[in-house]
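Right, one structure below, let's go through it.
Residue numbers begin at 1 in each chain, while the letters A, B, ... track the order of the sequences.
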Amino acid sequence: MFISERLFLVVCFIFCTSHSFADNNNIPRLPNGKPDFNGVWQVLNTANYNIEPHAASSAMSLKDGPYGSLPSDEVVSLGAVGSIPAGVGVTDKIPYQEWALRKREENKNNWLDRDPEIKCYLPGTPRATYMPFPFQIIQSEQAFFFAYEYAGATRNVFLSDPGPAPIDSWMGQSYGQWEGDTFVIEVTGNNDQTWFDRSGNFHSDALHVEERYTYKHPNLIRYEATITDEKVFTRPWKMSMNIYRRQAEDAQILQFKCVEFVEELIYGHLRRNHE
Amino acid sequence: MNRLLLLLILLYTHPAYAEYKTPETIFDQPDLQGIWSNATITPLERPYNAKESSISKHDAQAWEQQANAYISISEQPIDPDAPAPKTADPAKGYESFWVDRGTNLAIVNGAIRTSLISYPSNGKIPYRSSAQSKLQIFLSRFISGFDHPEQRSPGERCIVGYGSSGGPPMLPVLYNNHIQIIQNKDHVLIHVEMNHDARIIRLNAPHTPLPAWLGNSIGIWEDETLVVTTKHFAKGQDCRASMTHWFCMSENATVTERFTRISDSQILYEFEIDDPESFSDVWKGEIPLNAAEGPIYEYACHEGNYGMKNILSGARQQEAELKQ
């Protein structure tokens, strides 16, 4: 009995960790044979706080204290709810140009004023992927579409070459192609208004993102994004993470139209009889 | 005898006589996918000078010429040295470059329609007086409510598209009348260009009883027709419009939509509104969705909503000046 259990575990380990198993045989496929990414997906990481490795800390917005940083006056009442969980990071140290690293620190120190997420602005790519909200892929033989719960953001992926993006946009222009069982999306035409996370990591309008979606398991996608932006970074760099399928029978993305939630923040001072 | 049989076969298989066969997706379901537009100059309600539900081609041409006359007027060059107008003129808010409301009346089953409403037969919304009162309050606030952002319409607030573009019912508005439909086995997604609203319609599933902007939609296939039922509307979206026609529904309304592909280039979109709190009868409409060239562009409304700041700060400035 004991031996049988151990044998079972060994067999299970081999099958569950075998890339070729996932790549070839056991992943969902559309009737046309392409990998089927339809589903509700979500990451389980802290990348939206900081894509670089980071220890836990008391708050995103800090001020100097007698023994180190303290939560700033604007967020101190949040207590533990406003503190930051640690994360091993989804990338190594980002290769910023010197000026850009200073700007990242400025951004971080002015998080409340500058992070576009606080104003419910569209998250851009790749940040939409690892926001702490699920997203849904609707895929057919002729379309590939991302619907993100956060801010109701959307992204339609062109499956034939659309040519250069006609204008920069928040979510960019996406062009997807298959490389074997990996779906590769080139995201161009990005504006310079979105961030990578809450820690001030940023880019310019020269941002080019190559995303790669590869099944590692029927309910697990390995996601890689290669970031190129010669105005901000010294070289291309890559982030990678797992994306998990929401498997509940009633899995669905709900509505998080946060625009109405930030009206007081953005327009409150313009109310009649505002105190 | 053989010649007669051959003739019957030819007639049956000729495109002009054969009933349209809807193509299927790889999931063996009727294929509605593509980019479509519901732009039309047919109004939601029948105008008082239109007696019937449809008109002749001759009368339609006259109607279309008159309706489109504004395009040539607004395309006149603007005098760059002209002073600012002394009074607000809403008609000057948009020149034709920014307008894409269509140039033709809607044609449904070969009839050129004078209203999008097909029932009641008079082409009018069967308001209850309570709904009319609600509408008057809304319109009064719309015209002169500048105290708080919540007094502005959901479209101005960039929560949903203007009018009832995302619906349901999805009705034509001044511009951005495009939708993209994508299907998989269990869902139909309608991507509404105005305000990047993605209506994710779950097939053969129960409603999720949470109030939501655009409501909660589920769908079933009835032969080749997609039937979508929507309930649980957010309270703030109760009053909507299609061009100049406004109406208010309650959050308890049920909207049923039917999508039937009738040719390679057209979907017949039917809707029915059942809301006894607001209307004395159900009311129904029919709108052709015409195949449109893509792509759909990003409609990042909130991110560039200078209008809301200007509206509120302008009102506060006026108040300050009156106090002096």
Side-chain angles (χ1 to χ4, degrees), chain A residues 30-32 34 36-40 116 119-122 136-149 151-156 158 162 166-173 189 191 193-194 249-250 252-255 257-260 262-264 266-274, chain B residues 25-28 31 33-34 146-152 154 157-160 180-189 191-192 195-200 202 205-206 208 210-214 216 234 236 294-303 305 308-316 319:
Chain A
L30 295 179
N32 65 7
K34 297 295 183 191
D36 178 356
F37 288 107
N38 278 295
V40 179
K119 295 188 177 71
C120 182
Y121 290 165
L122 291 169
Q136 185 161 0
I137 294 174
I138 304 282
Q139 179 191 355
S140 70
E141 77 282 17
Q142 57 183 268
F144 200 108
F145 192 93
F146 291 89
Y148 301 96
E149 184 165 304
T154 56
R155 190 152 66 105
N156 177 52
F158 291 94
I167 191 169
D168 287 353
S169 60
W170 290 75
M171 298 301 291
Q173 174 178 281
N191 71 20
Q193 301 296 302
T194 65
E249 283 183 6
D250 59 352
Q252 59 189 294
I253 62 166
L254 300 173
Q255 196 170 73
K257 281 182 173 288
C258 48
V259 171
E260 60 177 324
V262 300
E263 285 181 325
E264 180 62 14
I266 299 176
Y267 310 122
H269 65 292
L270 296 172
R271 289 183 186 277
R272 188 169 193 182
N273 300 323
H274 169 71
Chain B
T25 67
I26 53 173
F27 308 106
D28 299 326
D31 191 349
Q33 295 181 105
F146 307 115
D147 293 349
H148 308 283
E150 294 86 351
Q151 291 178 322
R152 308 310 306 157
R157 295 165 69 190
C158 294
I159 297 173
V160 293
Q180 178 181 11
I181 299 178
I182 301 170
Q183 297 168 238
N184 66 19
K185 184 166 64 70
D186 303 312
H187 303 82
V188 176
L189 180 141
H191 180 212
V192 184
N195 220 17
H196 56 81
D197 280 317
R199 296 182 58 197
I200 300 177
R202 295 184 301 141
T208 301
L210 297 172
W213 302 93
L214 311 186
N216 182 266
I296 280 182
Y297 291 104
E298 181 176 273
Y299 191 92
C301 174
H302 169 62
E303 290 74 6
N305 194 359
M308 181 62 83
K309 281 182 184 167
N310 291 339
I311 288 167
L312 296 175
S313 62
R316 301 295 82 79
E319 288 164 7

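Interface residue A:P166: only side-chain heavy atoms are found under 4.5 Å from chain B. Heavy atoms of B:I159 lying under 4.5 Å from chain A belong to its backbone as well as its side chain. When heavy atoms are compared at a cutoff of 4.5 Å, A:C120 approaches chain B by way of both its backbone and its side chain. For B:D186, no part lies near chain A; criterion is any non-hydrogen pair under 4.5 Å. With a threshold of 4.5 angstrom between heavy atoms, B:L210 approaches chain A through side-chain atoms but not through N, CA, C or O. Only the side chain of A:I253 comes within contact range of chain B, with heavy atoms under 4.5 Å apart. Heavy atoms closer than 4.5 Å to chain B are found nowhere in A:Q173, neither backbone nor side chain. Only the side chain of B:Q180 has a heavy atom closer than 4.5 Å to any heavy atom of chain A.
Using a 3.5 Å distance cut-off with no hydrogens or angles, the side chains of B:T25 and B:Q33 do not pair a donor with an acceptor. Side chains of B:N195 and B:D197: a donor-acceptor N/O pair is absent below 3.5 angstrom, by distance only.
Chain A forms more heavy-atom pairs under 4.5 Å with one residue of B:Q183, B:R157, B:H302, B:H187 than with any other, namely B:H302. With respect to chain B, the highest number of heavy-atom pairs below 4.5 Å among A:A151, A:S169, A:A143 belongs to A:S169. Highest contact tally toward chain A, considering only B:V188, B:D147, B:N216, B:L214, is held by B:D147 [criterion: heavy-atom pairs under 4.5 Å]. In terms of non-hydrogen atom pairs under 4.5 Å with chain A, the most contact-rich of B:I26, B:L312, B:N184 is B:I26. Contacts with chain B were tallied for A:Q193, A:Q139, A:Q142; A:Q142 has the most, counting heavy-atom pairs under 4.5 Å.
Using a 4.0 Å cut-off between charged nitrogen and carboxylate oxygen, A:E263 and B:R152 do not count as a salt-bridge pair. Using a 4.0 Å cut-off between charged side-chain N and carboxylate O, A:E141 and A:K34 make no salt bridge.
A distance of 4.5 Å separates CZ of A:F146 from CZ of A:R155, quoted to the nearest 0.5 Å. Rounding to the nearest 0.5 angstrom, the gap separating the CD atom in B:E150 from the CD atom in A:E264 is 7.5 Å. Expressed to the nearest 0.5 Å, how far CD1 of B:I311 lies from CZ of B:R316 amounts to 11.0 Å.
The nearest pair of heavy atoms linking B:P206 to B:R202 is O-NH2, 2.7 Å.
Taking the six-membered ring for Trp and the full ring otherwise, B:Y299 and B:Y297 have centroids separated by 6.0 Å or more.
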